[in-house]
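Proteins get letters first, then strands, A, B, ... in listed order; numbering begins at 1 in each. Excluded from the calculations below are hydrogen atoms, water molecules and symmetry mates; all remaining heavy atoms, backbone and side chain alike, are included.
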There are 2 protein chains.
Amino acid sequence: MTKSPQSSSGGAQLLDRAVILLDLVADGGVNGVTLKDLTARSGLNTATCHRILNTLVGHKLLARDDKKRCYRLGARMAIYGARAARGPGIISRCEVALTRIRRRTGDTIHLMARLNHDSVCLDRRDGECVVPTLTGSIGGSVPLGVGPGSIAMLAFLDEDEQEFIIRANIERYAAYRDLTADKVRRLIAETRDRGYAIDVGELIPGIAGVSVPIFSDGVTPNASLGFTILSAKLTPGTLEQYAMILREEIAAIVDQ
Amino acid sequence: MTKSPQSSSGGAQLLDRAVILLDLVADGGVNGVTLKDLTARSGLNTATCHRILNTLVGHKLLARDDKKRCYRLGARMAIYGARAARGPGIISRCEVALTRIRRRTGDTIHLMARLNHDSVCLDRRDGECVVPTLTGSIGGSVPLGVGPGSIAMLAFLDEDEQEFIIRANIERYAAYRDLTADKVRRLIAETRDRGYAIDVGELIPGIAGVSVPIFSDGVTPNASLGFTILSAKLTPGTLEQYAMILREEIAAIVDQ
DNA sequence: TCATAAAATCTCACATTATGAAAAACAACT
DNA sequence: AGTTGTTTTTCATAATGTGAGATTTTATGA
């Protein structure tokens, strides 16, 4: 959980709790999350947890894998998602931009968003040459702090929140080559100065990336737009040039 | 609302109500839905409604357009959706199939799912020649009963539920050329006999379609896979042949 | 195979939480 | 400025959700 808007407590405890659980399940990923995990992480009483989960499953917001006795996001969630993507949110606003950038450069590009401690891929266009990316296809995610797409967002949050997230993710960084909390902090500092995030083969050898944050509401960096390119294709100035392209497109998106 | 699993009443009234509202907002579409609408359609007390909506907005499951004073699906919904699409649900299971069919035939193909009284486009691959479709891009929807993609699902529901849905949609049919409830009933009967749904230029002149239902749980037709083709490209037997292709792919998807 | 542990599910008395009528604040017309 | 319709807040009331524990089901080991 983020420390932030938990316990909105406008008189809807049950709903707040349901959202906590939805979040935990969403974070749980492809493997699914078990009841025990959920009670532990949410701090909720087992019975309460169970009751809420059952209801959510009943409404198909969650699905239950009876075999593995665990919970995942449900069919209705996927449908809602498809509908939401159509509304006047980031995804549909970026759709044109993505396609246009793809045509202009021929490179792989993706739209990332923040969900709790993770950075989730919302949309992407594959480039002419297939490059391995951190997140894989739409819906894939990495811990915030990993990769330029996520650093671009992280770097422009309040320092408190940054620290909170880094702390929460600290053990997960180990899975990404020689990434550490301190390195993340250094990358953040550089990114703030530069205005955009870059990575030159530090996470996946031979693969570089540039990402620019999107301040959808003018204040909070809730999303980012970024390239993934083969380091081999880099010439001096390529990254700067790509950052400019992203900036332009984002500017066009943000002011309506 | 569907008569079905409303009021699950396992001791989570508030959650049930929240889902009702989420559904209404999702149905409301691109224009957004106002509080008044929501209270009217849900039958909930204004204060209760307002409280729930506020909480949902707080969690970004819904978003509020302060200007137009109405509610839409929120950013978090889109993110959940992206994640859900990645799990072992219909979407990811159909992904390969979609791409393969697209390569085999070169035609436009889409995956539809049922949401209340509507049929929503979950995924699609565009064909070599651009054809106009009823639903447009991902997230687009039509009332159940309109178009082969939705008839394919509707036809294999219980008769009671069919009638319920047709009644609910009856006024909306008028927007689609000369479609009427009776015509929908006739199409359903034909589809049941045939095993798949077809349309030859009756909804959009010059555009034909074939769709086969997917019984993801073995019983309920929760989704469908279908082609949209130019009538001009039709030769005798094309539709049958396409239906076979769909059947094959669906068979492969359903048993694991 | 049976015994043991662990996790999931159910039950029910209790009080915290959610409810909705009504009033207040706010917009939108005329 | 007056009037109407919509949104937001308040608060006493009770219905809803809570969670400790009992029970059942499933997993693990000997």
Requested in this report: Report which part of the nucleic acid A:T46 touches: base, sugar-phosphate, or nothing (heavy-atom distance under 4.0 Å, all strands).
Outcome: base
Query raised in the report: Roughly how far, to the nearest 0.5 Å, is CG of A:L35 from NE2 of A:H50?
Result: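 Output value for this atom pair is 6.5 Å.
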Query raised in the report: Rounded to the nearest 0.5 Å, how far does OG of B:S211 lie from CG of B:L246?
Result: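 Answer for the CG-OG pair, B:L246 versus B:S211, is 7.0 Å.
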Report task. Estimate the overall bend of the helix from C:dT1-D:dA30 to C:dA28-D:dT3 from the end axes over five pairs each, rounded to 10 degrees. Result ->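 Inter-axis angle at the ends, rounded: 60°.
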Query raised in the report: Between B:I101 and B:L225, is any pair of side-chain heavy atoms under 4.5 Å apart?
Result: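 Sidechains of B:L225 and B:I101: in contact.
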Query raised in the report: Going by heavy atoms in the side chains, are A:V254 and A:S216 under 4.5 Å from each other?
Result: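 SC-SC contact between A:V254 and A:S216 ruled out.
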Under a 3.5 Å distance rule, please check whether [X] uses its side chain to pair with a backbone N or O of [Y] as donor and acceptor.
X	Y	value
A:T55	A:R51	yes
B:S92	B:G87	yes
A:S224	A:G149	yes
B:T220	B:N222	no

Query raised in the report: Do you know which of A:E249, A:E95, A:E248 makes salt bridge (charged side-chain N to carboxylate O under 4.0 Å, His left out) with A:R100?
Result: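 Between A:R100 and the candidates, salt bridge (charged side-chain N to carboxylate O under 4.0 Å, His left out) is satisfied uniquely by A:E249.
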Atom pairs under 3.5 Å: protein N/O with N/O of nucleotides 13-19 of chain C:
residue, atom, partner, partner atom, Å
C:dT17, OP1, A:Q13, NE2, 3.0
C:dA18, OP1, A:Q13, N, 2.6
C:dA18, OP1, A:L14, N, 2.9
C:dA18, OP2, A:A12, N, 3.2
C:dA18, OP2, A:Q13, N, 3.0
C:dT19, OP1, B:Q13, OE1, 3.2
C:dT19, OP1, B:R17, NH1, 3.0
C:dT19, OP2, B:R51, NH1, 2.7

Give the table of side-chain donor-acceptor pairs shorter than 3.5 Å for residues 177-184 of chain A, with sequence neighbours excluded, one pair per line with atom names and distance.
residue, atom, partner, partner atom, Å
A:R177, NH1, A:E202, O, 3.2
A:T180, OG1, A:K183, N, 3.1
A:D182, OD1, A:R185, NH1, 2.8
A:K183, NZ, A:E202, OE1, 2.7

Requested in this report: Compare side-chain N and O positions of A:H50 against OP1 and OP2 of C:dA8 and report whether any pair is under 4.0 Å apart.
Outcome: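 Indeed not, no polar side-chain atom of A:H50 lies that close.
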Query raised in the report: By salt bridge (Lys or Arg N to Asp or Glu O under 4.0 Å), which residues pair with A:D37, not counting sequence neighbours?
Result: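 A:D37: no salt bridge (Lys or Arg N to Asp or Glu O under 4.0 Å) contacts found.
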Contacts under 3.5 Å, N or O only, protein and nucleotides 27-30 of chain C:
none

Requested in this report: Take the protein atom CG of A:L35 and the nucleotide atom P of C:dA6, then report the distance between them rounded to whole Å.
Outcome: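 Distance check: A:L35 CG to C:dA6 P gives 16 Å.
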Query - First and last nucleotide of DNA chain D, 5' to 3', lying under 4.0 Å from heavy atoms of chain A - result: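 Span of nucleotides near chain A: D:dG17 to D:dT26.
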